[in-house]
Amino acid sequence: MLAETTVLPRGFYQRPTAVVARELLGKILVRRSGDDVVAVRVTEVEAYLGVDDPACHTYGGKRTPRTETMWGPAGFAYVYLIYGIHHCLNVVTVGEGSPEAVLIRGGSAVAGGSIIRRRRGVGVARRDLLDGPGKLCQALALTRLENGLDFCDPTSCLTIRSDGRGFLDGQVERLPRVGVDYAGEAAAWPLRLTVSSGLR
DNA sequence: TCTAGGATCGGCT
DNA sequence: GCCGATCCTAGAT
């Protein structure tokens, strides 16, 4: 199934964050750990626009050990812990010195469904498996240990691939981001992208 | 050191 | 719809 896919090149990520966010919808996140392979098609993302975005971890030029990955080159994974319990997976965009990223909020399983169910809990309903950033990370077995992985290295245990399919603009909903009320008017910026209907 | 708070989730009412 | 869990992170002292 993954034989007909290609790993997205660095250049894919070295573009404006809002563009990368839109283009990530429909792409396939592939996670290898040991003999387990899990693949998830991205259906929900949020853009975080760096130093000028009050909702972003790097707002105002903030640079800390946690956010160091965001300050580096595009195409790397920024994984952090939230609420002491859950992890969130981000894709670093633009380029070195422009600490912007796209948060992967949700997807649908395309391979490794049984592994996902095992990790998420056997009784969990199909639609609840991957509909949140914390759930996605649990399904992909991602923790802070995976922070800084390179999405562009075909031998990496975490890559993003294209199978040539995607979603039409008419299928994409643009909504305010979740859980960033503290960010003032930026909380209303329509930087959350979701798709509801099927592939094209 | 100490403290407050968070890009969430799931259980309970 | 509400609320507690749980602990890292960052900023203050």
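Computed from a predicted structure; not experimentally measured.
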Item to check | Nearest-0.5 Å distance that lies between atom OH in A:Tyr80 and atom OG1 in A:Thr67 | outcome: 12.0 Å
Checklist entry - P atom, B:dA7 versus C:dG1: distance in rounded Å? => result 22 Å
Checklist entry - Between A:Thr64 and A:Arg66, do the side chains contain an N or O donor and an N or O acceptor separated by less than 3.5 Å? => result no
Next on the checklist: Measuring from atom CD1 of A:Ile116 to atom CZ of A:Arg126, what distance do you get when rounded to the nearest 0.5 angstrom?
Outcome noted: 10.0 Å
Next on the checklist: Mind checking if A:Asp128 touches a base, just sugar-phosphate, or nothing, with heavy atoms under 4.0 Å?
Outcome noted: nothing
Item to check | Mutual orientation of the aromatic rings belonging to A:Tyr13 and A:Phe151 [parallel < 30°, tilted 30-60°, perpendicular > 60°] | outcome: parallel
Checklist outcome for this item: If pairing means Watson-Crick or G-U wobble with both distances under 3.5 Å, then the partner of C:dT6 is none
Item to check | Upstream residue (5' side of DNA chain C) when A:Thr67 and A:Tyr83 are each assigned their closest nucleotide | outcome: A:Tyr83
Checklist entry - Sub-3.5 Å donor-acceptor pair from the side chain of A:Asp131 to the main-chain atoms of A:Gly106, do we have one? => result no
Next on the checklist: Under 4.0 Å, heavy atoms only, any strand: does A:Leu81 hit a base, just the sugar-phosphate, or nothing?
Outcome noted: sugar-phosphate
Next on the checklist: Walk me through whether A:Arg120 and A:Gln138 qualify under side chain to side chain donor-acceptor pair (under 3.5 Å).
Outcome noted: CA-CA 7 Å; A:Arg120 290 279 299 118; A:Gln138 189 182 12; 2.7 Å; yes
Next on the checklist: Heavy atoms only, 4.0 Å cut-off, all strands: where does A:Arg177 land among base, sugar-phosphate and nothing?
Outcome noted: nothing
Item to check | Salt-bridge present (A:Arg105, A:Glu46; N to O < 4.0 Å) | outcome: yes
Item to check | Covered region of DNA chain C, 5' end to 3' end, by chain A [heavy atoms, under 4.0 Å] | outcome: C:dA5 to C:dG11
Checklist outcome for this item: pair_partner(B:dA7), Watson-Crick or wobble, both distances < 3.5 Å, evaluates to none
Checklist entry - Can you pull the contact range of chain A along DNA chain B, 5' to 3', using atoms under 4.0 angstrom from its heavy atoms? => result B:dG6 to B:dG10
Checklist entry - How about A:Asn147 and A:Thr69: does a side-chain donor come under 3.5 Å of a side-chain acceptor? => result yes
Checklist entry - Are any side-chain N or O atoms of A:Asn90 and backbone N or O atoms of A:Tyr78, one a donor and one an acceptor, separated by less than 3.5 Å? => result yes
Checklist entry - Looking only at atom P, what distance separates C:dT6 and B:dC2, rounded to whole Å? => result 22 Å
Checklist entry - What nucleic acid atoms does A:Arg120 come within less than 4.0 Å of, heavy atoms only: base, sugar-phosphate, or nothing? => result sugar-phosphate
Checklist outcome for this item: Ranking A:Gly132 and A:Ile82 by the position along DNA chain B of their nearest nucleotide, the one closer to 5' is A:Ile82
